Amino acid sequence: YLLNNGKAYHLANGIAVTEFLITKYFFPNLKTWPYVSQFGILLTIASHALRSGAMITAATNFSHAVMSKKEDTHVLVTNGIYSWLRHPSYTGFYYWGLGTQLTLQNPISFVGYSIVMWNFFHQRIPYEEKHLIKFFGSDYINYRKRVGTLIPFIP
């Protein structure tokens with residue numbers, strides 16, 4: 001499952017590698033900003049830690065697929081990183097993708113990644129939250145009011 005993220009994901013990675021190689025070999029002066037790469041590395045590492053922390057905290061309540069049926073053992077996780085961020089795994093993945101493009105100093109892919117990933121999460125989060133409201137009712141509604149996502153324009 002983790003290696004089959006769809007055509008758009010593989011296309012984005014292919015474009016990013018192509019952009020990096022073209023600019024590295026034909027326009028090397030465009031990749032002379034070491035602090036951009038260093039910030040990108042830090043962002044990538046921090047975002048990976050955030051995503052991993054979310055998975056560890058949620059434990060058996062975490063799934064890569066949106067659940068449409070509540071399991072008997074399914075509980076609403078609001079402790080740990082979930083007390084600061086709603087959907088911290090999504091937030092981590094969003095900034096991880098941007099961090100990779102800063103590391104590579106890929107301005108075109110940076111913009112492309114930000115748009116494509118934002119569109120994905122803009123659709124996925126409301127879809128998932130519809131199910132979470134069905135599962136947990138007012139507990140989830142109140143949690144959603146208290147805790148944001150840190151993905152721009154997705155409250």
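Along the sequence shown, the residues carry numbers beginning at 1. Values in this document were obtained by computation on a predicted structure and should not be read as measured data.
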Checking the side chain of [X] only, and the main-chain atoms of [Y] only, is there a donor and an acceptor separated by less than 3.5 Å?
X: T57; Y: G80; value: no
X: T78; Y: S83; value: no
X: N61; Y: V75; value: yes
X: R51; Y: S89; value: yes

Minimum heavy-atom distance [X]-[Y], with the two atoms named:
X: T23; Y: K31; value: OG1-CE, 2.7 Å
X: H87; Y: T149; value: CD2-CG2, 4.4 Å
X: Q105; Y: S37; value: NE2-OG, 2.9 Å
X: A54; Y: P88; value: CB-CG, 3.5 Å
X: Y113; Y: G97; value: CD2-O, 3.5 Å
X: T91; Y: L85; value: CG2-CD1, 4.3 Å

Within 6.0 angstrom of [X] [atom1], more than 12 heavy atoms from elsewhere:
X: K134; atom1: NZ; result: yes
X: I108; atom1: CD1; result: no
X: H74; atom1: NE2; result: yes

What I'd like to find out is whether the side chain of [X] reaches to under 4.5 Å of the side chain of [Y], using heavy atoms alone.
X: F121; Y: F93; value: yes
X: S109; Y: F20; value: no
X: T60; Y: E71; value: no
X: M117; Y: L98; value: yes
X: S47; Y: Y94; value: no
X: I125; Y: I151; value: yes
X: W84; Y: V147; value: no

Under 4.5 Å between side-chain heavy atoms, hopping through other hydrophobics if needed: is there a path connecting [X] to [Y]?
X: W96; Y: F110; answer: yes
X: L43; Y: I45; answer: no
X: L150; Y: L102; answer: no
X: I56; Y: F62; answer: no
X: Y95; Y: F153; answer: yes

[X]: what forms a ring pair (Phe, Tyr, Trp, His ring centres under 6.0 Å) with it, not counting sequence neighbours?
X: F39; value: none
X: Y82; value: none
X: H122; value: W118

Who pairs with [X] by side-chain contact (heavy atoms from CB on, under 4.5 Å), at least two apart in sequence or on another chain?
X: K69; value: none
X: Y127; value: V66, H131
X: F27; value: I22, N29, L30

Assess whether side-chain contact (heavy atoms from CB on, under 4.5 Å) is satisfied between K145 and I141, documenting all intermediate values.
CA-CA 6 Å; K145 288 177 184 174; I141 293 169; 3.9 Å; yes

For this output row, return yes or no: ring centroids of Y143 and Y140 closer than 6.0 angstrom.
yes

When rounded to the nearest 0.5 Å, the distance separating NZ of K70 from CG of L132 is 11.0 Å

Separation between CZ (R124) and CG (N119), nearest 0.5 Å, reads 14.5 Å

